[in-house]
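All remarks here apply to the structure that follows.
Values below: all heavy atoms of this structure, side chains included; hydrogens, waters and symmetry mates excluded.
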Amino acid sequence: MRAVKPKGPHETQIVADPALPTILIVREFDAPPERVFRAYTDPDLVVQWLGPRRLTMRIVEWDARSGGSYRYVHCEDDGTEYGFRGVFHEVHRNERIVQTFAFDGFPDGVSLETATFEDLGHRTRVTTKSLMDSIEARDSMIRSGMQRGVREGHERLDELLGADGDRCTETEGLGS
């Protein structure tokens, strides 16, 4: 798979390799790695940006450290809920997160996700690679509309980083 860089400074690139069961997501943010990483690991911040705008998020469990786990639920206005869960296998402050990801609606479809945080000097490039167990599972995830949720989540994260930068710089309580 070739290296992927966003076409614009705030454009999320989502690439499905035709030969592998992977999805590569690349996005740059106007904030240093410590702020972006904090937004990925602090549950008070995660609920403000992760997922589509039309959904609200409730965190059931969040232990963002190596060996920790998570569970959250996205809720529609009509009460419909979508649950997600996983395990944080590696959490290296400001550098990398390796975790599993599973949707309650397809509990046997676990993916392995690796997110890296590249310091671009006052900017950060986040590259996330998701590995599924088959190309069919990957294609099913894409058909679910995940691109829209990822892109909207990244837009919301841009807004959070711009509006609440001081809060995203605190570092106590994070696993390393």
Side-chain angles (χ1 to χ4, degrees), residues 10-12 14 23 25-107 109-117 123-130 141-142 144-176:
H10 299 287
E11 184 175 339
T12 300
I14 301 173
I23 298 174
I25 302 168
V26 181
R27 178 65 146 73
E28 292 181 12
F29 297 95
D30 290 329
E34 59 272 8
R35 287 183 54 210
V36 179
F37 184 87
R38 175 80 177 179
Y40 269 73
T41 56
D42 181 327
D44 293 334
L45 299 174
V46 170
V47 297
Q48 296 179 53
W49 71 267
L50 185 62
R53 291 186 186 276
R54 74 178 198 284
L55 303 176
T56 57
M57 183 177 180
R58 180 179 77 248
I59 291 183
V60 178
E61 174 186 1
W62 194 269
D63 185 9
R65 63 176 176 82
S66 296
S69 59
Y70 69 91
R71 176 162 169 64
Y72 63 86
V73 178
H74 277 128
C75 306
E76 299 266 9
D77 287 340
D78 68 3
T80 303
E81 294 187 343
Y82 310 97
F84 303 88
R85 61 183 161 70
V87 173
F88 292 105
H89 291 271
E90 295 179 26
V91 178
H92 297 282
R93 186 177 299 176
N94 306 333
E95 294 177 12
R96 175 172 139 124
I97 299 170
V98 178
Q99 66 187 47
T100 56
F101 174 85
F103 169 53
D104 287 352
F106 189 60
V110 177
S111 63
L112 181 65
E113 299 183 341
T114 301
T116 58
F117 300 78
R123 293 178 56 77
T124 302
R125 179 179 300 128
V126 179
T127 302
T128 304
K129 186 173 187 177
S130 296
M141 181 177 283
I142 291 171
S144 76
M146 59 78 62
Q147 302 102 313
R148 179 178 175 196
V150 168
R151 286 189 173 105
E152 286 183 10
H154 285 165
E155 291 168 4
R156 294 170 67 195
L157 179 52
D158 265 337
E159 295 161 10
L160 177 65
L161 291 167
D164 201 9
D166 292 337
R167 198 158 160 222
C168 293
T169 60
E170 300 170 11
T171 57
E172 69 278 355
L174 293 177
S176 56

Start with the C-alpha distance between E152 and L55, add both sets of side-chain angles, then the distance that settles side-chain contact (heavy atoms from CB on, under 4.5 Å), and finish with yes or no. CA-CA 11 Å; E152 286 183 10; L55 303 176; over 6 Å; no
For E113, the salt bridge (charged side-chain N to carboxylate O under 4.0 Å, His left out) test, sequence neighbours excluded, returns none
For T116, is there any backbone N or O sitting under 3.5 Å from a side-chain donor or acceptor partner on T127? no
Across all chains, not counting sequence neighbours, the side chain to side chain donor-acceptor pair (under 3.5 Å) partners of D78 are T80
So CD1 of I97 and NE2 of H89: to nearest 0.5 Å the spacing works out to 13.0 Å
So CZ of R93 and CZ of R65: to nearest 0.5 Å the spacing works out to 14.0 Å
Closest non-hydrogen atoms of A102 and V110, given as atom of the first, atom of the second and distance, are CB-CG2, 4.0 Å
Rounding to 0.5 Å, atoms CZ (R58) and OH (Y72) come to a distance of 13.0 Å
One should read off an interatomic distance between T114 OG1 and E90 CD, to the nearest 0.5 angstrom, of 7.5 Å
For E81 and V73, the nearest pair of non-hydrogen atoms, with its separation, is CB-CG1, 3.6 Å
L157 meets the side-chain contact (heavy atoms from CB on, under 4.5 Å) criterion, sequence neighbours left out, with F29, A39, Y40, W49, L160, L161
Separation between CG (L50) and CE (M57), nearest 0.5 Å, reads 4.5 Å
Q. Can any side-chain N or O of R156 pair as donor or acceptor with the backbone N or O of G51 at less than 3.5 Å?
A. yes
By side-chain contact (heavy atoms from CB on, under 4.5 Å), T56 pairs with (sequence neighbours left out) C75
By ring pair (Phe, Tyr, Trp, His ring centres under 6.0 Å), W62 pairs with (sequence neighbours left out) Y70, F88
Sorted by chain and residue number, the side chain to side chain donor-acceptor pair (under 3.5 Å) partners of E76 (sequence neighbours excluded) come out as R54, Y82
- Query: Sub-3.5 Å donor-acceptor pair from the side chain of S66 to the main-chain atoms of V91, do we have one?
  - Reply: yes
Q.
Pair F37, N94 - check side-chain contact (heavy atoms from CB on, under 4.5 Å), show working.
A. CA-CA 5 Å; F37 184 87; N94 306 333; 3.6 Å; yes
Distance col, row E28:CD vs D158:CG, nearest 0.5 angstrom, shows 11.0 Å
Correct closest heavy-atom pair for T128 and V126 would be OG1-CG1, 3.9 Å
Sequence neighbours excluded, the answer for salt bridge (charged side-chain N to carboxylate O under 4.0 Å, His left out) partners of R85 is D104
Residue set satisfying salt bridge (charged side-chain N to carboxylate O under 4.0 Å, His left out) with E155, at least two apart, ordered chain then number -> R53
Residues at least two apart in sequence or cross-chain that pass salt bridge (charged side-chain N to carboxylate O under 4.0 Å, His left out) with R151, listed by chain then number, are none
With sequence neighbours left out, the residues meeting side-chain contact (heavy atoms from CB on, under 4.5 Å) with V150 are T12, I14, I25, M146, H154
The side chain to side chain donor-acceptor pair (under 3.5 Å) partners of S111 (sequence neighbours excluded) come to none
Applying side chain to side chain donor-acceptor pair (under 3.5 Å) to S69 and not counting sequence neighbours gives E61
